[in-house]
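Heads up: the structure comes next, in structure tokens.
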Amino acid sequence: MDPVGLFFYLVAFLIFGGIYAILCLALNVQWGFGGLFNAGIAGFFAVGAYTSALLTAAPAQTHLGGYELPVPVGILAAAVTAGITGWAVAKICIRLKSDYLAMASIGIAEILRMIIVNEDWLTNGSLGITNIPRPFDGLVQGRAADIVFLAVVWAIVAIIYLICNRLYDSPWGRTLRAVRDNEDAARAVGKDVDAFRLQTFVIGSALMGVAGALSAHYFRFLSPEATEPLLITFLVWVMLMAGGSGNNKGAIVGALSVWAIWSMTEIFANRLPAELATRSSYIRMLLIGLLLQFVLQKYRSGLLPERSPGITFDEDKDKTHG
Amino acid sequence: MMEFINFYLIPGLALGSVYALGAIGISMIFGILRFAHFAHGDVMTLGAYGTLTAVWVSGLHPLIALPVGMAFAVLAVLAVDKVFYKPLRDLPTIYTVIASFGVALIFRSLVQLIWGSSNEVFIRGVQKPIVLFDLIRVSVLHLESIAIIVLAAIALHFFLSRTKTGRSMRAVSDNPELARVAGLDTEKVVRATWIIGASLAAIAGVLSGLDTNIHPNLGWNLILPMFAAAILGGIGKPMGALLGGMVIALIEELSSYPWITDEPLINPGYKTATAFFIMVVLLIFRPQGLLKGRLF
């Protein structure tokens, strides 16, 4: 394998690793902080991807939009629409057990797919949207553009990581974790449990939309296949569980490690004899499913378990007398 | 009118049979084991493929080879419960839900590994419909489906009200602490739940496979309407799930009938979305469903 090819393989690997890291950070907000089970990650990913694609692509007869707006606008709009979708889903079942949220989120992911495929005046259906620009399109071309895009993705990962850390170590984050761990106690102290859960879900969904937008810009092409639930939803869950739910660093570590395992198995599968090679994707699915079970039973806290920030006592406030 | 009966009503009832059989299992598992079993659709798929293999080997009609598929599904589910669900039973049930997600994937990938991912059919060729009273044209399959669900309803009602295990299951579903205090054998109840749920799911899978074709996503595609049916009936109320399945299927099929104008009321591409909308409405206004099931 020549070094240049290997280098660009690594670039592609890290670009996708970054997108998955964003999805994991987003899921960490919903599950790790808030204890909410979102089984419809693919749906919010799709909303974000299509929003950004439709706003930034070149005009075309085949679909709505094509306003050729700048990429940052597209990404922000993706976050907004995905957040609104998340709000709608959570509002329905926030008061009920998490199982219902799982069903509703799977449902919305399916409905969104149906809309994307059926309403081809809006999205060009299964044929997809083309000519989606990349940021800095005019400045760099060809393979160098990939490296620029890699930098953009990981810059966004860094920003989101900082946001999530700030969310975690804040009054909001502490209340959220209190709600997650002991809902009745939190309610007894007067916290609006439903509102906190709703906010968590919306923030997570918005971030998932950003990941979707980045994916659309990377491929310059978007079709309903890109939102295939298996790869996105399930893989992200395994990544977060393995990396450590409740821990932002764990989310990123989990994303990169599981993505590495997935990519490695892809390389090895291509070297297998022919009959096994065609079935290789199913073997990988099976392995990932088994990996999830193993992590659930033995390593539930993941590689990097959650670490609550310590409690610090303010010396002056402690003085109640004198 | 005839068009209504032949192309909308009867297929709706037959589809209701499939949904109902799956939803009963989901409702029972949700009520007794307290979690949403996302792998239930893939249990249906296993039942269908098990029966298909039996048909290939023996050449019998699928409905006669059905017990093989049922046994296959039951064994798979009991194994999965022992290895994947039981260790997580003491934890918050959300972990079992996540595990069931994984099990769904494992089932699907095993099916694709063993049987391949192409579409299969039980019976080749076009089946001629039966004509009743010179007006009603029904396919044999639809009649079989409706007959099966009627039989299943009677058997289920009998089981739940007259047998000891059935009554124990209802007790554990309604009030688990009290059931334990009263000394009911919860492990037996759990096993019975899995056996009944998997058997009914296998029947549903075969009926669905007879109706269209058999492919690895057979069950996974139906999971949403079945969950909606279980919620509609009330979680933990198997008869409610049966009713819910029929209602959801009828609404789904009848929604594309040209009620008002010449166009179908709802674009047939969105048929499965109707189940989702019903579920959303239920979750907002009446999450306990028609028969007032458990609300978590």
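So you know, we letter chains A, B, ... as the sequences are listed, proteins then strands, and number each from 1. This structure is a prediction, so every number in the text was calculated from the model and none was measured.
In this structure, the separation between OG on Ser100(B) and CG on Asp99(A) is 8.5 Å, given to the nearest 0.5 Å. Between the CG atom of Leu101(A) and the CD1 atom of Ile94(B) there is a distance of 8.0 Å, given to the nearest 0.5 Å. Rounded to the nearest 0.5 Å, atoms CZ (Phe35(B)) and OG (Ser98(A)) are 14.5 Å apart. Note that CG of Leu286(A) and CZ of Arg108(B) are 12.0 Å apart. Values are rounded to the nearest 0.5 Å.
Ranked by heavy-atom pairs under 4.5 Å with chain A, the list Ala36(B), Ala99(B), Pro87(B), Ala273(B) is led by Ala99(B). Ranked by heavy-atom pairs under 4.5 Å with chain A, the list Leu88(B), Leu91(B), Val83(B) is led by Leu91(B).
Phe107(B) does not touch chain A: none of its heavy atoms, backbone or side chain, sits under 4.5 Å away. Proximity to chain B (any heavy atom under 4.5 Å) is shown, for Ile108(A), by both the backbone and the side chain. For chain A, the nearby part of Ile114(B) is the backbone; its heavy atoms alone come within less than 4.5 Å. Looking at Ile115(A), both its backbone and its side chain come within 4.5 Å of chain B, counting heavy atoms on both sides. In this structure, the portion of Leu292(A) lying under 4.5 Å from any heavy atom of chain B is its side chain and not its backbone. Residue contact with chain A, scored on non-hydrogen atoms closer than 4.5 Å, involves the backbone and the side chain of Ile106(B) alike. Residue Ile98(B) touches chain A through both its backbone and its side chain, counting heavy-atom pairs closer than 4.5 Å.
Aromatic rings from Tyr100(A) and Phe30(B) are positioned such that their centres are separated by under 6.0 Å.
Shown are Val103(B), Leu105(B), Val80(B); of these, the side-chain contact (heavy atoms from CB on, under 4.5 Å) with Gln293(A) is made only by Val103(B).
In Asp181(A), the CG atom is crowded: over 12 heavy atoms of neighbouring residues, nucleotides or ligands sit closer than 6.0 Å. No more than 12 heavy atoms of other residues, nucleotides or ligands sit less than 6.0 Å from atom CZ of Phe277(B). Taking a 6.0 Å sphere around CH2 of Trp87(A), one finds it holds 12 or fewer heavy atoms contributed by other residues, nucleotides or ligands.
When side chains are defined from C-beta on, Phe234(A) counts as touching Phe101(B), because their heavy atoms get closer than 4.5 Å. Under the 4.5 Å side-chain criterion, counting only non-hydrogen atoms from C-beta, Pro216(B) is not in contact with Tyr282(A).
Within residues 223-232 of chain B, the residues having any heavy atom closer than 4.5 Å to a heavy atom of chain A are Leu224(B), Phe227(B), Ile231(B), listed by residue number.
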Please lay out, stage by stage, how Ile106(A) and Phe276(B) fare under the test side-chain contact (heavy atoms from CB on, under 4.5 Å). CA-CA 10 Å; Ile106(A) 285 192; Phe276(B) 177 69; over 6 Å; no
